[in-house]
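Positions are given from 1, in the same order as the sequence printed here. Both backbone and side-chain heavy atoms feed into the values below; hydrogens, waters and symmetry mates do not.
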Amino acid sequence: MALLETQDLTHIFPDGTVAIQNINLKFNEGEFVVIAGANGSGKTVFARHLNGLLKPTKGKVLIDGEPITKNIVETRKKVGLVFQDPDSQIVGQTVAEDVAFGPENLNLPVDQVEAVVKESLEAVGLSRLSTRSPHTLSGGEKRRLAIAGILAMRPKIIILDEPFTGLDYPGVVQVLKQIIQLHKTGHTILLITHELEKILAHADRLVILHKGKLVEDGKPEDVIYRSENYGVRMPLRDGEKVAALTWLK
């Protein structure tokens, strides 16, 4: 049984725009899946259905074989979403307070909250910045803080929406190393991006959405050569070193 599954997932906006249409996908425990597509392909809309932030017009999302609507609070513990803009997830006055927000809202005991905050900050390498204001952090540090906030909820699945947007090279490396480590420690990773060269080397699958529809799903080395048919830049050319399949590996 798949850990997470979508069945005929469809979302139509009030103005009649079809954002995603009849998407059927299964994600297995421990997988690393890259979801790509040109702007407007429906990637973010799709992701926001996976933990119930958006409700489908048609179809459903299942986790562990059960509809996520059965218990949306439990779903959001299991499925963590890191938004494209990390500032939209910052709620605390300090780094530690920000990470504590989720566990506190689950009404966990104080000592348990402190333990999970400590563990989550250590996992992303931000322990030394625990008393800093989140708004003074660099772009890469803010992304790692957003990841820590999700980790504090102990999710099975972590979804990252365009995690490299706006980052300089050191920031990209910081965040990429963190994502790779999360996968190594057993998390299922779903990563939305149009920057395939940064992450494809670490993916088990490459899924491509185009105009709201699922058009490709397979091994990265098979799918990548068809990516430009759907407006996704292929990060390698014949005769060149296969950078996309070796970057930072």
Side-chain angles (χ1 to χ4, degrees), residues 1-29 31-72 74-76 78-86 88-89 146 150 155-165 179 188-196 199-200 203-220 222-224 226-234:
M1 183 176 65
L3 176 59
L4 186 67
E5 180 179 356
T6 66
Q7 296 180 346
D8 295 326
L9 195 66
T10 298
H11 191 94
I12 303 172
F13 289 119
D15 67 359
T17 302
V18 179
I20 53 174
Q21 186 173 3
N22 298 324
I23 295 182
N24 292 283
L25 278 170
K26 293 182 178 181
F27 303 106
N28 298 313
E29 189 166 357
E31 276 195 303
F32 193 138
V33 183
V34 169
I35 300 171
N39 288 339
S41 62
K43 303 186 301 294
T44 294
V45 172
F46 174 72
R48 292 191 175 200
H49 281 81
L50 300 182
N51 72 345
L53 287 177
L54 287 177
K55 293 182 179 180
T57 306
K58 187 186 80 170
K60 56 188 172 181
V61 180
L62 307 178
I63 187 162
D64 293 324
E66 296 284 349
I68 64 170
T69 50
K70 187 174 180 180
N71 191 330
I72 204 69
E74 281 300 312
T75 294
R76 288 176 183 166
K78 293 178 180 178
V79 184
L81 175 58
V82 179
F83 297 143
Q84 181 173 343
D85 177 11
S88 66
Q89 286 180 278
I150 295 299
K156 290 183 178 182
I157 303 164
I158 298 177
I159 305 167
L160 301 111
D161 189 0
E162 296 286 2
F164 309 116
T165 298
I179 294 167
T188 301
I189 303 292
L190 308 183
L191 190 147
I192 296 167
T193 188
H194 64 278
E195 300 180 80
L196 295 178
I199 198 66
L200 208 58
D204 302 310
R205 285 165 64 192
L206 174 57
V207 168
I208 296 181
L209 302 183
H210 181 63
K211 295 181 178 179
K213 295 182 179 180
L214 172 65
V215 292
E216 295 284 352
D217 178 12
K219 293 180 179 179
D222 296 331
V223 173
I224 188 62
R226 297 189 292 274
S227 64
E228 290 193 343
N229 294 336
Y230 311 108
V232 179
R233 186 174 67 86
M234 186 169 68

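Just one residue in the list Q7, K213, K58 forms a side chain to side chain donor-acceptor pair (under 3.5 Å) with N22, and that residue is K58. Of the listed residues (K211, E216, H210), just one forms a side chain to side chain donor-acceptor pair (under 3.5 Å) with Y230, and that residue is E216. Residue L160 is tested with I192, I35, I150, I189 for a side chain to side chain contact (heavy atoms under 4.5 Å, CB included); the sole match is I189. Of the options I63, I157, T69, a side chain to side chain contact (heavy atoms under 4.5 Å, CB included) to T75 is made by I63 and by none of the others.
Rounded to the nearest 0.5 angstrom, F32 CZ and I179 CD1 are separated by 6.0 Å. To the nearest 0.5 Å, atom CD of residue E162 and atom CG of residue D85 are 12.5 Å apart. E5 CD to M1 CE: the interatomic distance, rounded to the nearest 0.5 Å, is 9.5 Å. One finds the CG atom of L81 at 5.5 Å from the CG atom of N51 (value rounded to the nearest 0.5 Å). The CD1 atom of I224 sits 15.5 Å away from the NZ atom of K219 when rounded to the nearest 0.5 Å. Between atom CG of residue L206 and atom CZ of residue R226 there is a gap of 9.5 Å, rounded to the nearest 0.5 Å.
Residues T188 and L4 form no side-chain contact, since every pair of their non-hydrogen atoms from C-beta on lies 4.5 Å or further apart. Side-chain atoms of K78 and D64, non-hydrogen and from C-beta on, do get closer than 4.5 Å to each other. V82 is not listed as a side-chain neighbour of P163, based on a closest heavy-atom distance of 4.5 Å or more. Looking at L3 and F27, their side chains never come closer than 4.5 Å, going by heavy atoms from C-beta outward. When side chains are defined from C-beta on, R233 does not count as touching H194, because their heavy atoms never get closer than 4.5 Å. Counting heavy atoms from C-beta outward, H49 and T6 have side chains that stay 4.5 Å or more apart. Annotation: side chain of L50 is in contact with side chain of I159 (closest heavy-atom distance under 4.5 Å). Residues L25 and R205 form a side-chain contact, since some pair of their non-hydrogen atoms from C-beta on lies under 4.5 Å apart.
In the displayed structure, D222 atom CG is contacted under 6.0 Å by more than 12 heavy atoms of other residues, nucleotides or ligands.
For the pair Q84 and P86, the tightest heavy-atom approach, listed with the atom from each and the gap, is O-CD, 3.3 Å. Contact between V232 and A38 at its shortest, heavy atoms only, is CG2-N, 3.9 Å. What you find for V45 and A19 is that their closest heavy atoms are CG1-CB, 3.9 Å. Taking each heavy atom of E31 and N28 in turn, the nearest pair found is OE1-N, 2.8 Å. Residues G80 and P155 come closest through the heavy atom pair N-CB, 3.9 Å. Of all the heavy atoms in G52 and I72, the pair that sits closest is CA-CD1, 3.7 Å.
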request  = List the steps and the verdict of side-chain contact (heavy atoms from CB on, under 4.5 Å) for D8 and N24.
outcome  = CA-CA 5 Å; D8 295 326; N24 292 283; 3.2 Å; yes
message = For a side-chain contact (heavy atoms from CB on, under 4.5 Å) check, start with the C-alpha distance between I23 and L209, then their side-chain angles and the critical distance, and finish with the verdict.
response = CA-CA 9 Å; I23 295 182; L209 302 183; 4.0 Å; yes
key: Evaluation steps, side-chain contact (heavy atoms from CB on, under 4.5 Å), between F46 and L214   = CA-CA 11 Å; F46 174 72; L214 172 65; over 6 Å; no
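Q89 contributes a side-chain N or O that, together with a main-chain N or O of F83, makes up a donor-acceptor pair within less than 3.5 Å.
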